[in-house]
Enquirer: 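Structure incoming, see below.
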Number of protein chains: 2
Amino acid sequence: MQDPSSRPGLTGNEVLAAVLQVRDGSLQVLLWQRAQEPHAHRWSLPGGRLCDTEDVETSIRRQLAEKVDVRKLAHVEQLAVFSAPDRVPGPRVVASAFLGLIPCDVDPEVPADTAWYPVDELPATAFDHEAIVQRARGRLRAKLSYTNLGFALAPPEFTISALRELYSAALGYGVAATNLQRVLSRRGLLEPTGHTAPPGPAGGRPAALFRFTGHGMLVTDPFAVLRPPSTA
Amino acid sequence: MQDPSSRPGLTGNEVLAAVLQVRDGSLQVLLWQRAQEPHAHRWSLPGGRLCDTEDVETSIRRQLAEKVDVRKLAHVEQLAVFSAPDRVPGPRVVASAFLGLIPCDVDPEVPADTAWYPVDELPATAFDHEAIVQRARGRLRAKLSYTNLGFALAPPEFTISALRELYSAALGYGVAATNLQRVLSRRGLLEPTGHTAPPGPAGGRPAALFRFTGHGMLVTDPFAVLRPPSTA
DNA sequence: TCAAAAGTGTTTCCAATACACCCATGT
DNA sequence: ACATGGGTGTATTGGAAACACTTTTGA
């Protein structure tokens with residue numbers, strides 16, 4: 001008897017990614033318009049079938065690189081498993097959903113049938129993909145607050161005001177530049193490059209350029225409350 | 001409890017749970033000793049194959065209820081997908097891992113080949129199950145700090161010192177009773193029942209009994225820093 | 001009356017927000 | 001000079017930890 005899990009098309013596992021980027025001042029997600037039924041013309045997340053020889057993260061990275069030319073992911077992490085028996089028509093497919101982040105200075109080439117949409121103004125989406133996008137947005141917003149995840153949205157060098165706009169767009173509310181700088185500096189996440197950006201057309205003091213000190217995700221605030229007793 | 005990897009030909013999805021409970025003053029996990037190869041005699045997490053007609057959470061709840069008589073789970077949540085191609089011998093099996101919590105006042109009946117182990121003193125574990133237990137412990141510790149998840153470890157009524165011991169055991173460091181009470185009270189998570197517990201044999205003031213006000217998980221501290229601007 | 005355990009009042013400390021003020025550049 | 005945007009110094013606030021002190025019981 002043949003092992004069904006080795007037959008392509010029958011294994012019920014797929015990987016999907018909500019790839020987020022701040023574009024034009026808003027947090028946007030990369031969607032792909034389905035050509036065929038079911039859910040023709042609706043918009044879905046990039047991804048595809050999970051192969052037997054790769055783990056889920058390898059798989060989503062490969063599929064994004066192959067299908068939508070997204071190679072410059074600054075961060076990838078698991079969101080959750082979506083496994084409702086009726087989440088897609090036909091045999092049940094278990095989806096491992098991911099959050100992917102792209103720095104705002106890169107504009108990856110994407111196929112003609114894909115487009116960026118603000119996460120707050122999604123078009124008609126396919127299957128349960130809208131829930132995945134919402135989950136991704138929530139995860140990003142939470143982690144911006146207690147990790148160094150900003151590095152995955154920011155370009156290599158940036159001014160504080162540019163960073164302020166990034167954080168404001170991603171969080172959905174205004175953050176003050178002065179507080180942002182101090183919070184990130186206190187945690188040792190920011191360092192000046194020594195360079196400055198040219199002033200705008202109306203003049204003004206040239207802004208200092210900064211970079212993030214690290215490029216892997218780091219939890220900076222492990223506990224909100226109930227911290228361990230001070231050793232002193 | 002069946003071993004999915006010993007039954008090739010079935011779909012490559014399983015569900016596993018790290019069921020945690022505070023027992024004897026330490027955070028413990030329910031493990032099941034494997035009888036057969038591979039990894040005979042090693043200890044593994046309860047769980048089993050995912051059926052086509054149920055989602056992963058339904059599945060893990062069913063399997064825990066059926067196989068190890070754990071029906072009194074106060075909280076269940078997804079941890080992550082474990083999907084390395086070589087995580088188990090034979091065809092790859094994708095595992096959806098869960099965290100389960102049991103209040104310390106219930107002692108579920110478990111089969112003879114299962115046992116509770118402190119998460120800090122695990123025996124020889126099977127496959128990648130130790131990593132899952134570590135992930136579960138980390139998740140619990142983090143969420144105790146910014147959610148009301150304590151309700152899932154505590155009995156229906158408790159004294160503040162009993163709650164202090166629960167939190168201390170779960171977090172792995174001492175918390176002060178006075179601060180614990182104030183932190184939880186400030187968030188409106190605790191309410192007095194009006195009753196008191198009898199003093200110990202050596203006397204002492206009788207302790208007031210409290211209960212948690214809600215029994216679904218609630219995020220009480222959405223952001224550690226970068227909070228939205230005050231509306232006032 | 002004393003010991004033991006529980007609970008409250010108060011102080012200290014720290015980090016984040018808010019805001020006023022100074023700095024550097026183009027016109 | 002002055003307008004414009006950038007940056008720093010300082011005050012305020014709020015919540016958590018630490019600690020001293022009071023309360024209530026049993027022996």
Side-chain angles (χ1 to χ4, degrees), chain A residues 144-148 150 157-168 171 173-210 219-232, chain B residues 144-147 150 157-168 171 173-210 220-232:
Chain A
L144 280 179
S145 187
Y146 69 92
T147 71
N148 65 344
E157 298 196 352
F158 46 83
T159 65
I160 297 296
S161 22
L163 194 64
R164 188 194 73 80
E165 284 170 28
L166 279 180
Y167 272 76
S168 297
L171 289 172
Y173 55 79
V175 298
T178 165
N179 292 332
L180 180 63
Q181 177 175 15
R182 280 189 228 196
V183 164
L184 296 181
S185 296
R186 179 191 288 270
R187 287 160 173 58
L189 305 181
L190 232 47
E191 67 185 4
T193 65
H195 308 144
T196 57
R205 175 171 169 176
L209 289 172
F210 292 82
V219 175
T220 56
D221 288 62
F223 15 67
V225 293
L226 297 178
R227 355 187 203 292
S230 59
T231 51
Chain B
L144 280 179
S145 187
Y146 68 92
T147 71
E157 298 196 354
F158 47 83
T159 66
I160 296 296
S161 22
L163 193 65
R164 188 193 73 81
E165 283 170 28
L166 279 181
Y167 272 77
S168 297
L171 289 171
Y173 55 79
V175 298
T178 166
N179 290 332
L180 179 63
Q181 177 176 15
R182 283 195 240 212
V183 164
L184 297 181
S185 296
R186 180 194 288 267
R187 286 159 174 57
L189 305 181
L190 233 47
E191 66 185 4
T193 65
H195 309 143
T196 57
R205 177 173 169 174
L209 289 172
F210 291 82
T220 57
D221 287 61
F223 15 67
V225 293
L226 298 178
R227 354 188 206 288
S230 60
T231 51

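In what follows, chains carry the letters A, B, and so on, assigned in the order in which the sequence lines appear, proteins first and then strands, with residues in each chain numbered from 1.
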Enquirer: Nearest heavy atom decides the nucleotide; on that basis, is Ala224(A) or Ala202(B) closer to the 5' end of DNA chain D?
Expert: Ala224(A)
Enquirer: Please tabulate, for the side chains in residues 194-205 of chain B, all donor-acceptor contacts under 3.5 angstrom to protein atoms that are two or more places apart in sequence or on a different chain.
Expert:
none

Enquirer: So what does Ala208(B) hit on the nucleic acid, given a heavy-atom distance under 4.0 Å: a base, only sugar-phosphate, or nothing?
Expert: sugar-phosphate
Enquirer: Could you give the CG-to-P distance, from Leu226(A) to dG15(D), as a whole number of Å?
Expert: 15 Å
Enquirer: Within the 4.0 Å heavy-atom criterion, would you say Thr159(B) contacts the bases, only the backbone, or no part of the nucleic acid?
Expert: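 The residue Thr159(B) makes no contact with any strand.
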Enquirer: Would you kindly give the CG-to-P distance between Leu171(A) and dT17(C), to the nearest whole Å?
Expert: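 Nearest whole value for this atom pair: 11 Å.
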Enquirer: Could you pull out all residues at least two apart from Arg187(B) that satisfy salt bridge (Lys or Arg N to Asp or Glu O under 4.0 Å)?
Expert: Asp221(B)
Enquirer: Measure CZ/Arg164(B) against P/dA18(D) and give the value in whole Å, please.
Expert: 13 Å
Enquirer: With sequence neighbours left out, write down each residue that passes side chain to side chain contact (heavy atoms under 4.5 Å, CB included) with Gln181(B), or none if nothing qualifies.
Expert: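 Testing Gln181(B) for side chain to side chain contact (heavy atoms under 4.5 Å, CB included), a comparison that skips the adjacent residues, returns Ile160(B), Ser185(B), Phe210(B).
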Enquirer: Using a heavy-atom cut-off of 4.0 Å across all strands, would you classify Pro201(A) as base, sugar-phosphate, or nothing?
Expert: sugar-phosphate
Enquirer: Nearest-Å distance, CG (Asn179(A)) to C1' (dT12(D))?
Expert: 12 Å
Enquirer: Among the nucleotides dG6(D), dA18(D), dA16(D), which one has an atom lying closest to any side-chain atom of Ser230(A)?
Expert: dA18(D)
Enquirer: Under the side chain to side chain contact (heavy atoms under 4.5 Å, CB included) test, which residues partner Thr147(B), sequence neighbours left out?
Expert: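 Lys143(B), Leu149(B), Met217(B), Val219(B).
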Enquirer: List for me each residue that meets side chain to side chain contact (heavy atoms under 4.5 Å, CB included) alongside Pro222(A), sequence neighbours excluded, and say none if there are none.
Expert: none
Enquirer: Closest to the Arg227(A) side chain: dT4(D), dG6(D), dA16(D)?
Expert: dA16(D)
Enquirer: Distances under 3.5 Å only, N/O to N/O: pair up the protein atoms with those of nucleotides 20-24 of chain C.
Expert:
from    : atom 1 : to        : atom 2 : distance (Å)
dC23(C) : O4'    : Arg205(A) : NH1    : 3.4
dC23(C) : O2     : Arg205(A) : NH1    : 3.4
dA24(C) : N3     : Arg205(A) : N      : 3.3

Enquirer: To the nearest Å, how far apart are Tyr173(B) OH and dA17(D) P?
Expert: 8 Å
Enquirer: With sequence neighbours excluded, what pairs up with Tyr167(B) under the ring-ring contact (aromatic ring centres under 6.0 Å, His included) test?
Expert: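 Counting only residues at least two positions away or on another chain, Tyr167(B) forms no ring-ring contact (aromatic ring centres under 6.0 Å, His included).
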Enquirer: Can you tell me how far P of dA16(D) sits from OH of Tyr146(B), to the nearest Å?
Expert: 16 Å
Enquirer: Is there a donor-acceptor contact under 3.5 Å from the side chain of Thr159(B) to the main chain of Leu209(B)?
Expert: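 No; zero donor-acceptor contacts below 3.5 Å.
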Enquirer: How many whole angstroms separate atom CG of Leu189(B) from atom P of dA16(D)?
Expert: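 To the nearest whole Å, that distance equals 11 Å.
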Enquirer: For Ser168(A) and Gly174(A), work out which heavy atoms get closest and say how close.
Expert: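 It is OG-CA, 3.8 Å.
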Enquirer: Under the rule for salt bridge (Lys or Arg N to Asp or Glu O under 4.0 Å), what residues qualify as partners of Glu157(A), not counting sequence neighbours?
Expert: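 Here no residue qualifies.
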Enquirer: Tell me the interatomic distance from Leu163(B), atom CG, to dG7(C), atom C1', rounded to whole angstroms.
Expert: 15 Å
Enquirer: Which pair of non-hydrogen atoms, one from Leu144(B) and one from Leu226(A), has the smallest distance, and what is that distance?
Expert: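 Looking at all heavy atoms of both residues, the closest pair is O-CD1, 3.8 Å.
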Enquirer: What are the residues of residues 180-187 of chain B, sorted by number, that bring a heavy atom to within less than 4.0 Å of DNA chain C?
Expert: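 Heavy-atom contacts with DNA chain C come from Gln181(B), Arg182(B).
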Enquirer: When the nearest nucleotide of DNA chain C is assigned to Pro228(B) and to Ser161(B) on a heavy-atom basis, which residue is associated with the more 5' position?
Expert: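 Final value for this comparison: Ser161(B).
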